[in-house]
Structure formats: structure tokens, C-alpha cells
Number of protein chains: 2
Amino acid sequence: MKKITILALRGAAASSITGPMDAFLFAGVLWNIACGQKPSPCFEITVASPDGKAVKCANRLYIEPHCAIHDVKNADLIMISAIAGDVERAIGRNKEAIDWLVRQYRSGVHIASICTGAFILAETGLLKGKTATTHWGYVDLFRRRYPLVHLRPDALITDEGDLYCSGGSNAYNDLSFYLIEKLSGRDIAVQCSKAMVQDFGRATQAPYAAFRFPKGHAEQDILAVQRWIEENYTEGITIAMLADRCAMGQRTFERRFKQSTGESPIAYLQKVRINAAKALLERPHSTFEEVTYHVGYEDISSFRKIFQRHTGLRPKEYQRLFQQRNQIQRAG
Amino acid sequence: MKKITILALRGAAASSITGPMDAFLFAGVLWNIACGQKPSPCFEITVASPDGKAVKCANRLYIEPHCAIHDVKNADLIMISAIAGDVERAIGRNKEAIDWLVRQYRSGVHIASICTGAFILAETGLLKGKTATTHWGYVDLFRRRYPLVHLRPDALITDEGDLYCSGGSNAYNDLSFYLIEKLSGRDIAVQCSKAMVQDFGRATQAPYAAFRFPKGHAEQDILAVQRWIEENYTEGITIAMLADRCAMGQRTFERRFKQSTGESPIAYLQKVRINAAKALLERPHSTFEEVTYHVGYEDISSFRKIFQRHTGLRPKEYQRLFQQRNQIQRAG
DNA sequence: ATTGGAAGTGGCATAATCGACAAAAAAGAG
DNA sequence: CTCTTTTTTGTCGATTATGCCACTTCCAAT
């Protein structure tokens with residue numbers, strides 16, 4: 001029976017504490033109950049807070065932990081909950097936990113972080129030179145604070161053998177099942193995921209992420225071009241056209257554009273088009289062919305490749321995730 | 001700003017309290033933060049327990065509610081958390097809540113149940129003659145206790161206009177997003193689901209459900225046939241063959257089989273085959289054609305239809321959900 | 001079982017794009 | 001004004017994007 005400790009941070013999202021707890025708790029149990037077999041729990045789960053007192057989570061909800069972090073003995077794995085709200089403030093409020101994590105790690109305990117909990121893990125310094133992930137919306141901040149960590153923004157889970165990270169918010173489920181599989185085998189993990197009515201095959205958080213279209217720079221010409229792209233992406237656009245609009249040499253334009261926005265013109269245009277395509281695919285009754293033409297591409301096959309590179313999913317799969325359904329069982 | 005109350009039951013699964021809370025809490029907030037816009041919360045969420053004191057959840061975790069149910073004023077919607085463990089005992093321990101729910105409903109508040117929370121909702125009597133759903137593993141118990149409720153075991157969500165139910169465990173996410181869509185519009189709901197890295201397009205919990213193969217009866221002949229089917233389903237099987245094995249007339253056999261197992265022989269055989277097909281599809285590199293032949297069908301096209309009827313998904317989609325992936329980002 | 005439409009894969013050719021390097025221009029220092 | 005340093009611009013070749021075609025698979029309906 002493996003021992004899991006969940007580090008309940010001050011300012012955590014409550015569900016990032018209870019979610020993993022329930023996932024591990026239900027392993028070997030919920031499926032068995034549902035199928036009329038005898039439950040056989042696989043894990044012992046302890047929720048620990050920095051000082052052993054109730055932890056104030058988002059929405060002013062208090063969770064009473066089982067103990068303080070210093071009372072934790074012989075954990076096999078520690079899971080760091082997600083910070084809701086101001087990450088940098090939360091780091092300051094959880095200093096003891098950071099030191100404690102380092103000591104635990106040195107004594108052989110594995111550590112996994114959830115969503116913005118990766119900031120706490122990075123703060124320990126243990127991630128230096130290693131691969132990590134966090135919520136897609138916090139990538140810039142993370143890179144700025146921890147340039148030595150190799151961040152994989154599109155990964156849902158990273159595995160360094162003894163350090164794990166998971167992507168945004170509800171990716172704690174994927175991480176939990178991944179760890180359950182590692183610790184108790186695939187069958188238990190699949191059964192647990194099915195009993196919890198939760199998929200267990202996601203590979204990336206790319207499809208969930210929003211693109212940034214940086215407008216925070218001062219280059220008026222470039223801003224104008226950005227706006228123009230966003231209004232005219234349905235038509236064929238070439239770099240030459242864009243350069244002309246700024247009265248620049250093409251090569252110069254490319255450089256200036258990249259410097260201002262962080263993206264090359266094509267990459268930017270692609271993002272705008274992918275973004276539009278996503279929105280179109282979310283509507284019912286859309287085919288990828290229509291969408292392709294509508295966002296300004298001529299060829300389904302090549303746009304499909306681009307779409308896949310950006311979202312990590314085939315068009316049909318993307319639709320499955322977000323397409324509007326009209327068939328909820330109404331009054332029967 | 002709509003007011004949501006979450007009813008924290010004694011003996012609840014903690015994540016069924018905090019999960020919906022965070023979903024509503026993040027609506028209009030998390031996406032905005034992630035995209036660098038100003039957060040604008042859509043909901044005010046209150047967690048209420050029967051007596052206002054901390055609620056003991058599964059794994060002996062205590063959650064402190066914001067208030068007692070009797071302090072709740074002007075709620076628009078009440079969400080009933082899920083019971084973990086012994087449902088009938090939990091009903092006894094939460095009597096006050098049941099009366100309170102009835103009064104709230106009569107005064108115009110909408111009510112939604114999560115997973116086994118449907119038992120509490122059914123206990124109020126409000127579901128009589130209406131459509132409901134609950135965790136797929138609790139269907140038999142539910143039908144026995146509440147025969148007048150029209151249970152849709154495969155539905156992930158049911159909507160009676162002012163009464164909602166959701167299926168197993170993590171279906172609280174789907175329900176939360178569904179309600180967010182109803183109350184704040186589709187855009188907010190989709191953004192919230194993406195920010196939480198959670199899909200928003202699931203329609204049924206059928207793919208997650210396990211079949212029961214009832215062996216609890218005393219008819220030795222029938223039991224023998226059941227076992228025989230489970231060992232020989234890869235071959236062509238006809239009812240006549242099965243009847244012969246029991247030395248019964250075919251019609252008699254069918255009646256006896258159904259009486260003992262609750263299923264017709266064909267339905268039973270189908271379930272066994274679907275079950276095997278599911279397991280095969282979960283292995284990497286399996287094609288539906290191979291699987292079809294392997295489980296004893298001759299025709300892909302017709303087996304596809306059967307598969308869809310039982311699981312609610314096309315074969316390819318099922319694979320996507322549960323097929324083993326080997327590409328977690330390891331030490332970079 | 002056949003059929004048709006849509007989804008998805010891969011190869012190939014061509015045009016577009018971008019990184020690296022170097023030339024040119026501009027700015028600064030003495 | 002000359003020399004140095006910095007910035008901008010242009011060129012070349014490698015890489016990438018895109019369109020086109022052929023072909024397979026998936027799926028629904030006949």
C-alpha cells in the first residue's frame with residue numbers, strides 16, 4: 001500500500017487538493033463497488049498543510065488537513081496542489097513547504113505538481129535543467145521566473161522519473177491516473193478512470209490553449225498589419241502584400257514583425273486562421289472542408305497537417321471535444 | 001450574478017463539492033487571467049452543510065462550509081454533492097437536507113444532483129415521473145429504490161428544466177459547464193472548459209460503464225451456458241447451439257435464460273463480445289476490423305452499429321478515449 | 001454487400017519564408 | 001574626418017508552407 005501525501009497550499013484551488021485525493025482513494029475501490037466486487041484500496045492518502053491548520057482555498061473555503069507537513073512520515077509521493085489567483089503571493093505564503101519539499105525529495109520521495117503548483121516545485125530549484133509543464137496560461141510567467149527549467153507548454157504530463165508535472169487545472173486527473181498506472185498497473189488505472197467517468201488517453205493540453213496575439217508593442221505599422229490580418233485572413237495573403245502595406249522591404253518587414261510580435265508573419269497568420277477554424281469547428285454541422293476554405297486555405301490536406309501541429313489533434317477529434325451538442329435528454 | 005449553493009452532504013466525495021465550486025468560480029475568471037484580460041466572475045458560490053459545521057467527507061477529510069443550509073438566502077441553483085460509500089446510510093444522515101431541498105424547490109430554486117447525489121434528490125420525491133441519471137454502477141439500486149423515476153443510465157446529464165442530474169463522479173464537470181452555458185452563454189462555458197483543460201462535448205457515460213454478467217442465480221444449466229459463452233464467444237454461436245447444450249427446447253431455453261440472468265441470450269452474447277472488443281480496442285495498434293472478427297462477428301458494418309448502440313461512441317472515438325499512449329514527455 | 005462522402009495519410013513539386021552571413025548605412029568617439 | 005561600433009538592409013541557401021494528386025480508412029445509408 002503506497003502512501004500519497006497531498007500538499008494543501010494556502011490559496012490553493014480546493015479541487016486540486018480533493019481531486020487527486022479522490023482519484024487515488026477510488027483506485028481499486030469505486031470500480032469494484034460498481035461491479036459488485038470487494039473493494040481493495042491501493043493507496044493511503046494524507047492531506048497535509050504547512051502548519052497543520054485548516055487551509056484557506058479559493059472562494060474562502062477552508063479544508064482541514066489530516067496533519068502538518070512535518071508530521072508526514074514515509075510518504076512515497078507528494079502531490080502539490082494548484083495555486084488559484086496570485087501565484088507570486090502564494091509562493092511567499094508557503095515558504096515552509098518549499099524547504100520541506102527539498103528535504104523530502106533528498107530523502108527519496110517523489111514529487112508531482114498540479115497546474116500552477118509547478119511554480120512551487122520550481123521554487124525548490126529541483127527542476128533546474130529538467131522538463132516541466134504548467135497551466136498553458138502561465139507559460140510566460142513561468143519562463144520568466146525559471147529560465148533554467150525546460151518548459152513544455154503543450155505537455156499534459158511530464159515525467160522525470162521522480163519529479164512529475166501536470167498541465168492546467170483538471171489535468172490532475174490525467175496525472176493521477178498516470179501515477180496510478182505506474183504504481184498499481186494499467187488495469188487498476190483504467191478501471192479507476194472508467195469508474196470516475198473520466199477519459200484516460202489525453203496526451204497534450206494544446207487543444208485547450210488560447211493563442212496570444214501580442215498588441216503590447218509600439219510599432220504602429222505592425223499593429224495595423226496585425227489588425228488587417230485579423231480582418232482579412234479569409235482571403236489569400238502573402239507576405240509581399242503585408243510588406244507593401246507598410247512600405248517596407250519584404251525582408252525588413254519580416255524582421256520587424258517578428259521583433260514586435262514574437263512571431264513570424266506566417267506563424268501569426270496561421271495562428272489567426274487556426275483560431276478561426278477552432279471556432280468554426282465548435283459549431284454543429286461543420287465539415288473540415290468548409291472550414292478550410294473559409295479560413296483562407298485552398299487545400300484540406302495541408303491545412304489538416306498544420307491544424308494537427310498546432311492543436312495536437314485531428315480536426316475530428318477537436319470537434320469531439322468541443323462541438324456543441326443539442327441532444328441532452330430533456331423531459332422524457 | 002447568479003447564486004449557486006452547493007449542498008455538502010455528510011459522507012460526500014470531497015471533490016464533488018469542490019469540483020463544481022471551482023468550475024463556477026472560474027467561469028469568466030480563469031480564461032481571462034490566462035489571456036491577460038480582466039477577470040469578471042459570473043457566479044457567487046456558497047457551500048452549505050446541513051448544520052453549518054464542517055462536513056466529514058470520504059477519507060476523513062473535513063470541509064468547512066460557508067454556512068448552514070438554513071442560512072441560504074435567494075439561491076438560484078442548488079447542487080447536491082455525491083455520496084461516497086454507503087448510499088443508504090448517507091441518506092439517513094442527511095435527512096434535514098432532504099426536507100430543505102423540497103422547500104427550496106417549491107420556492108423556485110433549481111436543483112442539480114451529482115453522481116450518487118441523485119439518491120438524495122430522488123428521496124425528496126421531486127423526481128417522480130421525471131427523467132434522471134446517476135453513476136452507472138448504482139443503476140440497479142436506484143431503480144429498486146425509486147421505481148417511479150425514469151432513469152437513463154447512459155445519460156451523462158439530464159435536464160428537466162428545473163431539475164438536473166449528472167452521471168458518475170467526474171461528470172460534475174460536464175454538468176457544471178452545461179449549467180454555465182445555460183446561465184452565462186456558450187462562450188463563457190467554452191472558455192471556462194478550455195481554461196480548466198477539460199472537454200465540453202461529452203454526451204453519454206455509456207463508454208465508461210462496465211457490464212454486469214449476473215451469476216447470482218441457482219440454475220446450474222444456465223450458469224454453465226454463461227461460462228461457455230464467455231469462453232467461446234470468438235466462434236459463431238447460435239441460440240440453437242446453446243439450447244442443445246442444456247437439452248432444452250429453444251423457446252424454453254430463451255425464457256429460462258432471461259429469467260435467470262435478466263438478459264436474452266443474444267443480448268448476453270452481445271455484451272460479452274462488446275466487452276472483449278473494448279479490451280482489444282484499448283491495446284495499441286488494433287483495428288476495428290481485426291477486433292470484429294476476433295470477437296466472433298463476420299460483418300464489420302453491423303458490429304459497428306451494435307458497438308455504437310452499447311457504448312454511444314464510434315469505434316475510433318472509443319479508442320481515442322482509452323487507448324494506451326506511450327508518448328509522455330520523458331526526461332528531455 | 002455496395003456505395004458514396006468525408007476523414008485522414010503520404011508523396012511530390014513549387015513557391016514562400018526565414019536564419020545566417022555580409023554589406024551598407026547610421027551613429028558615436030576621438 | 002576617420003575609425004569603431006551599432007543598426008539596418010540585402011542576399012543566399014536551407015527549410016517550411018502550400019497546393020495537388022493518389023490512395024486508404026471510417027462511417028452511414030441503401
Side-chain angles (χ1 to χ4, degrees), chain A residues 203 207 218-219 221-222 225 229 233-274 276-278 280-323 327, chain B residues 201 203 207 277 280-281 284-293 297-321 323:
Chain A
E219 302 277 352
D221 315 357
I222 303 294
V225 170
I229 290 176
Y233 64 89
T234 45
E235 313 295 323
I237 294 183
T238 65
I239 307 287
M241 289 162 69
L242 301 176
D244 281 356
R245 297 187 65 82
C246 305
M248 292 185 202
Q250 184 165 323
R251 199 62 196 82
T252 308
F253 168 73
E254 285 165 10
R255 257 189 295 263
R256 297 271 299 277
F257 192 96
K258 174 137 193 181
Q259 195 176 16
S260 301
T261 67
E263 309 269 3
S264 70
I266 291 272
Y268 194 91
L269 175 58
Q270 270 185 9
K271 281 192 175 181
V272 171
R273 284 175 164 163
I274 296 273
K278 279 182 172 180
L280 290 173
L281 285 172
E282 286 165 21
R283 323 193 75 89
H285 312 303
S286 50
T287 75
F288 190 64
E289 185 171 5
E290 287 163 21
V291 170
T292 299
Y293 299 137
H294 194 274
V295 301
Y297 279 91
E298 304 281 314
D299 182 58
I300 314 169
S301 172
S302 47
F303 184 50
R304 171 173 283 117
K305 278 170 222 159
I306 293 167
F307 188 88
Q308 274 187 64
R309 196 170 48 247
H310 277 83
T311 64
L313 293 179
R314 295 185 268 268
K316 197 76 204 187
E317 290 172 341
Y318 184 86
Q319 280 187 320
R320 219 204 122 269
L321 295 187
F322 295 109
Q323 189 168 82
Q327 76 264 44
Chain B
L280 290 173
L281 286 173
H285 313 301
S286 50
T287 75
F288 190 64
E289 186 171 3
E290 286 163 23
V291 170
T292 300
Y293 298 138
Y297 276 90
E298 303 285 315
D299 181 50
I300 313 171
S301 167
S302 58
F303 185 50
R304 171 174 282 119
K305 265 173 244 158
I306 294 168
F307 188 89
Q308 270 187 70
R309 195 167 53 244
H310 279 84
T311 64
L313 292 180
R314 296 186 266 264
K316 200 77 206 193
E317 291 174 340
Y318 184 86
Q319 278 187 320
R320 224 208 125 271
L321 292 189
Q323 191 167 84

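So that the names make sense, note that chain A is the first sequence line, chain B the second, and so on, each numbered from 1.
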Roughly, in whole Å, what's the span from [atom1] in [X] to [atom2] in [N]?
| X | N | atom1 | atom2 | answer |
| --- | --- | --- | --- | --- |
| B/Arg304 | D/dA29 | CZ | P | 12 Å |
| A/Ile274 | D/dA17 | CD1 | C1' | 12 Å |
| A/Ile239 | C/dC18 | CD1 | C1' | 10 Å |
| A/Leu269 | D/dT18 | CG | C1' | 12 Å |
| A/Phe303 | D/dG19 | CZ | P | 11 Å |
| B/Glu290 | D/dT25 | CD | P | 11 Å |
| B/Gln319 | D/dT25 | CD | P | 14 Å |
| B/Arg320 | D/dT25 | CZ | P | 21 Å |

Task: Parallel, tilted or perpendicular: rings of A/Phe253 and A/Phe257 (30°, 60°) - done: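 It falls in the tilted class, 30° to 60°.
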TODO: Report the relative orientation of the aromatic rings in A/Phe288 and A/Phe307; use parallel for angles under 30°, tilted for 30 to 60°, perpendicular for over 60°.
DONE: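 Plane angle over 60°, so perpendicular.
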- [ ] Start with the C-alpha gap between A/Tyr318 and A/Glu282, add the side-chain angles, then the distance that decides, and say whether side chain to side chain donor-acceptor pair (under 3.5 Å) holds.
- [x] CA-CA 8 Å; A/Tyr318 184 86; A/Glu282 286 165 21; 2.7 Å; yes
Students often get this wrong, so: under 4.0 angstrom with heavy atoms, is [X] touching a base, only sugar-phosphate, or nothing?
| X | value |
| --- | --- |
| A/Glu298 | sugar-phosphate |
| A/Thr252 | sugar-phosphate |
| B/Glu317 | nothing |
| B/Ile300 | nothing |
| A/Arg309 | sugar-phosphate |

Has [X] got a side-chain N or O lying under 4.0 Å from the OP1 or OP2 atom of [N]?
| X | N | answer |
| --- | --- | --- |
| A/Tyr297 | D/dT18 | yes |
| B/Lys305 | D/dA29 | no |
| A/Ser264 | C/dC18 | yes |
| B/Arg314 | D/dA28 | yes |
| A/Gln250 | D/dG10 | no |
| A/Arg251 | D/dG10 | no |

- [ ] Report the residue (A/Gln270 or B/Thr287) whose heavy-atom-nearest nucleotide on DNA chain D is the more 5′ of the two.
- [x]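 The residue closer to the strand's 5' end, by nearest nucleotide, is A/Gln270.
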- [ ] State which of D/dC26, C/dA1, C/dT17 makes the closest approach to the side chain of B/Lys316.
- [x]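 The closest nucleotide is D/dC26.
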Open item on the list: Looking at A/Glu254 and A/Ile239, would you say the former's side chain and the latter's main chain have a donor-acceptor pair under 3.5 Å?
Closed with: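 Checked: no pair found.
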Open item on the list: Between D/dG10 and A/Arg255, counting only base atoms on the nucleotide and side-chain atoms on the residue, is there a donor-acceptor pair under 3.5 Å?
Closed with: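 When only heavy-atom distances are counted, A/Arg255 does reach the base of D/dG10 through a donor-acceptor pair under 3.5 Å.
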Open item on the list: With hydrogens left out and only the distance checked, is there a donor-acceptor pair under 3.5 Å joining A/Ser301's side chain and the base of C/dG10?
Closed with: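 Such a pair exists between side chain and base.
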- [ ] Mind checking the CD1-CZ spacing from A/Ile222 to A/Arg245? Nearest 0.5 Å is all I need.
- [x]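 Answer for the CD1-CZ pair, A/Ile222 versus A/Arg245, is 12.0 Å.
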Task: Any side-chain donor near an acceptor of the partner, A/Thr311 and A/Glu317, under 3.5 Å - done: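 Side chains of A/Thr311 and A/Glu317: no pair found under 3.5 Å.
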